[in-house]
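A note on names: the letters A, B, ... follow the listed sequences, proteins ahead of strands, and every chain is numbered from 1. Because the structure is predicted, anything quoted here is derived from the model rather than measured.
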Amino acid sequence: MKLYLLKRIVLLGPVLAGVTFLLFALMELVPGDAAEAMLGPYATSDNVQRLRSSMNLEAPFPERYLFWIQNLVRLDLGEAYSIGRPVRDEVLERYSATLILAGAAFAVALVVGVVCGVCAAAWKDRTIGRLFSLVSILGISIPSFWLGLMFISLFSVALGWFPSGGIGAIQGKGGAGDLLAHLFLPAMALGIVSSSVIAQFIRSAMLEVLVSGYIRTARAKGVEGFQVLMSHAFRNVIPSILPLLGLQAGYVIGGAVYIETVFQWPGVGRMLVQAIQSRDILLVQGGVLILGTSYLIINLITDVLQHVLDPRLSK
Amino acid sequence: MDYRGNFALCRLICLVWPMLVVVSCVRAPLQDEFTLIVAQSAEPKSLDPHVATSLNDFRILENVFEGLVRFKPLSLEIESALAVSWEVTPDGLAYTFQLRPGVFFHDGSPLNAEAVKFSFERMLIPTHPAHDTGPFPLAFFFSQIDAIEVIDTLSVRFHLKEPYAPFLPNLAYPTGFIVSQAALEGNKRHEFGRHPSGTGPFRVGDWHANRFVRLEGNPLWRGKPPALKAIFFRPFTDENARVASLLSGESHIVVEMPADLITHFRKNPEFNVLEASGPHVWFLIFNTRVGPLRDSRVRQAVNLAIDKRALVEDLLQGSATIAKGPIPEAFGMSCDPTIDGWPYDPEKARQLVREAGAVGLVLTLLTTEGGSGMLDPKSMATAIQSDLAKVGLVAEIETYEWNTFLKKVNSGLEGNADMAQMAWMTNDPDTLLFLAFRSEAMPENGGFNSGYYSNSEVDLLIEEARREIDPSRRQGLYHRIQRIIHEDAPCAFIASWRQNAVTTRSVQGLQLEPSFLLRLGDVSLNFSMEAED
C-alpha cells in the first residue's frame with residue numbers, strides 16, 4: 001500500500017510537468033497577443049512592439065516556458081495585466097470561492113445521489129422508486145447552466161427568496177447565513193446533475209447486489225430491511241462507486257466554469273472566462289494549472305481510498 | 001397503490017421546504033435610500049484615469065475625478081471644472097488655466113498647478129519618476145503638449161507643439177483627469193489603480209475584487225453634498241445575470257442592456273429605460289487601393305445596396321441610429337445636418353455595379369466574433385452579405401477573434417480583404433478623421449487608414465480643422481470634409497450606437513450623457529415612487 005502511494009505521488013510530477021507544457025503550448029496557439037489586447041483598438045505598432053519587449057513576449061517559446069517554470073517553482077505566476085494584480089493572489093482568492101462552491105455542490109450530489117439511488121433500487125417496483133429514477137434521468141438530461149437560469153427565474157426573480165448571484169451581500173455583516181443564502185442556488189444547480197449520475201450508478205449497482213446470495217441469506221436470517229439495504233448491500237457498493245465519485249468531484253470543479261458565470265460566483269471558472277476574453281495568458285495559465293492540479297489530487301485521493309476500502313486491489 | 005412510498009416522499013418535502021424558507025430568510029433587504037447599486041458588464045481594470053481605457057472604468061472614474069474642464073450636461077461642449085477660467089493665445093499654441101481655489105484631493109492634499117503638471121508629465125515623459133505606474137494607452141490624446149509651465153500656485157500654462165483644437169475636449173475625457181501627486185509618491189504608488197485619489201464628489205471606499213467597488217461621499221467636496229452616501233458598482237459579466245439582478249431588486253441601474261431585452265423593460269412600468277446617442281460610428285472600410293472597390297462606382301453601389309434602416313431597426317432592434325458620415329450626430333453642429341447619408345436604392349446600386357463591370361465579383365468582408373463597440377458584427381455581416389447579393393455582388397465573410405481581427409484590419413486591407421467592419425467611439429470630431437482618413441495615416445506609417453483613402457483636399461481640411469480654435473469656423477470645415485467623404489465613399493457608414501440604461505423607478509435624476517460617462521452626483525433614490533403603486 002505504502003509503495004503504491006509513493007508510486008502515485010512520484011508519478012504526479014511528470015503528469016504535472018506535462019500539464020504545464022501542454023497548457024503553455026496551447027496558449028501559444030491562441031490568436032492575438034497580450035500586448036495588443038492591453039493597448040486596445042488604438043494600439044499603434046510602435047506601442048505594441050515596446051510593450052511586447054517589456055513583457056518579454058519577443059523571446060522564443062522554450063525560453064519563455066523555462067522562465068515561467070522557474071517562476072512557478074518560486075510560486076511567482078506573474079502579474080495579470082487585465083486586473084493589475086499578481087496572478088497567484090487572484091488565483092488563490094478565486095480558488096477558495098471555487099472550492100466552497102464545488103464542495104457544496106459535491107455534498108449535494110453525494111447526499112441526493114445516494115438517497116435517490118438507494119431509494120430507486122429499494123423501491124424499484126413502486127411509484128416512489130420510479131419517481132426517483134425519473135428525477136435522476138431528468139437530472140442527467142438537464143444542462144446545469146439552464147437549471148441555474150431556471151432557479152434564478154423562480155427563486156430569485158419570481159419568489160425573491162434567494163439572491164440571484166454573488167458570494168455575499170454587498171451590505172451587512174455577511175457571515176455563514178449570508179454565504180449559505182448565496183451558495184444555495186449555484187450549489188444545487190451544479191450538484192443536481194452530478195447527483196443524477198451518482199443515483200443512476202448506485203441504483204444499478206444496488207440492484208445487482210440486492211439479488212446476491214448473501215443478501216438473501218441475511219433476509220432469511222431475519223435482518224431488518226433497512227439494515228440489509230445499508231449495512232449489507234450499500235456497503236459493498238461503495239468501493240465500486242468511488243471512481244465515479246472521483247470523476248464527479250472533477251466534474252463539479254470543471255462545471256463551475258459555467259455555473260460561476262451564471263451566478264456571478266467569483267471563482268476560478270468565471271475568472272478563466274474573463275481572462276480568455278481579455279487574452280490574459282498568465283491568468284489563464286494560473287487558473288488552468290490550479291484546476292488541473294486539483295483534478296490530479298482528486299484522482300490520487302480516489303485511487304488511494306479505493307485501495308484502502310478494497311484491499312484486494314493492492315494484491 | 002403504494003402509500004408507504006408516497007408517505008416517504010411527503011416526509012422528504014416536509015423536511016426540505018422549511019430548510020428553503022429558513023435559508024432564504026437571511027437575505028438582506030436593499031431598500032436603502034442612500035445606497036445606489038449599478039450593475040456593470042465587467043470588473044474594472046484600473047481606477048487610475050490615465051491607465052483606464054474602457055467605458056466600464058470611465059463610468060466609475062467620472063464620479064471620483066475631475067478634469068480642468070468637463071463636458072456640459074447632455075452635450076459635448078466644454079465648461080469649467082477644476083479650472084475656473086482659461087485663455088488661449090491667438091496662435092492657439094498656449095492655454096493658460098486659472099485653477100479653482102480651495103479644492104482638495106481625497107487624501108487631503110491641495111489641488112495646485114504642480115498637481116496638474118504632474119498629472120500630464122507622468123503620462124508623457126518616459127523618464128518621469130511616476131511613468132512606471134502605467135502603461136498609458138491613451139496618452140497620445142496629449143501628444144501635442146510641448147511643455148507645462150507652473151506660473152503660480154493656481155495658474156498653469158500648457159505650451160503646444162502646434163495648434164490643436166481637440167485639446168479642450170481631450171482634457172474633459174478621463175485621460176485628462178487630475179490625480180493626486182501625494183497618492184502617487186512612496187511605496188504605494190503602484191497601488192494607485194486600486195486606491196485612487198481625485199477631487200470628485202465621491203471617493204473610492206473599498207474594492208472587493210470581483211464583487212464590487214464601493215464609492216462613498218467625499219467629505220472634502222466643495223459643492224452640494226450628493227444625495228447618495230454610497231454607490232456600489234457590481235460586475236456582472238453575464239448579461240442574464242445583470243438582468244436578473246435588476247428584476248430581483250439587487251441592483252438599481254443596469255447599463256448596456258442587450259437590445260432584445262430593452263423592449264421587455266419598455267413595457268414594464270416598474271422600470272425606466274434611458275437611451276441616448278453618443279459619439280460612436282460603426283462602418284465598413286473599403287479597400288480603395290486594390291480590388292473591385294478601387295472603383296468609386298462599386299463603393300457607391302455598396303453604400304446604396306445596404307438597407308441601413310432594416311439593420312438598425314430590425315437587427316439591432318432600435319439600439320442604434322443610422323450613421324450619416326464619419327462625424328456622429330452627437331457632435332452637434334460639427335455634424336452637417338444637410339448630409340443624409342446614402343439612401344437604400346438597390347436598383348441604382350445594380351445599375352452602378354453593371355456600369356463598373358463588377359457583376360458577380362467576390363468581395364471579402366472581415367468581421368469579428370465581437371469587440372468593443374462592434375454591436376452585433378456577425379449578424380450585421382450576414383445581413384450586408386444578403387443585401388449585396390441582391391445587387392449582384394458576392395460577399396465572402398471571414399470571421400476572426402477580436403484581437404486577430406484588429407491586427408488584420410489595422411495592418412491594412414491590402415492582401416487581407418476588400419471590406420472590413422470597424423467601430424470608433426471618440427470625444428472629438430478630429431480623432432477619427434485624423435487617425436483614419438488622412439493620406440499620412442496609412443497603416444505602413446502606423447496610422448489607422450486601413451482602406452488607404454487618400455484625398456489631398458480632405459488632408460488639408462483635417463489639418464486646418466484641428467488647428468482652428470474658432471468653433472463656428474471649425475464646424476464649417478468639418479461640414480466640407482463630410483461632403484467630400486460622402487461623395488468619395490471610402491466607407492459605408494452604417495450605425496451609431498445608442499447607449500442605454502435600465503433603472504428601477506426609484507432612481508431619480510439620472511441622465512445619459514453623450515460622452516457615455518455616467519454622472520451620479522445628482523442622482524437620488526426614492527422608494528415611495530415604487531410604494532405608490
Distance col, row A/Q264:CD vs B/R211:CZ, nearest 0.5 angstrom, shows 13.0 Å

* Asked: Within the side chain of B/R234, is there an N or O that forms a donor-acceptor pair under 3.5 Å with the backbone of A/G166?
  -> no

Value for CG (B/N240) from CZ (A/F145), rounded to nearest 0.5 Å, stands at 10.5 Å

Per-residue tally against chain B (heavy atom, under 4.5 Å) across A/G168, A/G165, A/S153 peaks at A/G168

If one checks every heavy atom of A/V262 against chain B at 4.5 Å, the contacting part turns out to be backbone

Flag side-chain contact, heavy atom, 4.5 Å: A/S164 against B/R242
no

Closest non-hydrogen atoms of B/S248 and A/S156, given as atom of the first, atom of the second and distance, are CB-O, 3.5 Å

Distance col, row B/S245:OG vs A/I152:CD1, nearest 0.5 angstrom, shows 10.0 Å

To the nearest 0.5 Å, atom CD of B/E43 lies from atom CE of A/M271 at 12.5 Å

Under 4.5 Å to a heavy atom of chain A? For B/F232 that would be side chain

Honestly, the part of B/R214 sitting under 4.5 Å from a heavy atom of chain A is neither

Count the heavy atoms belonging to other residues, nucleotides or ligands that lie under 6.0 Å from CD of B/E444, then report whether that count exceeds 12.
yes

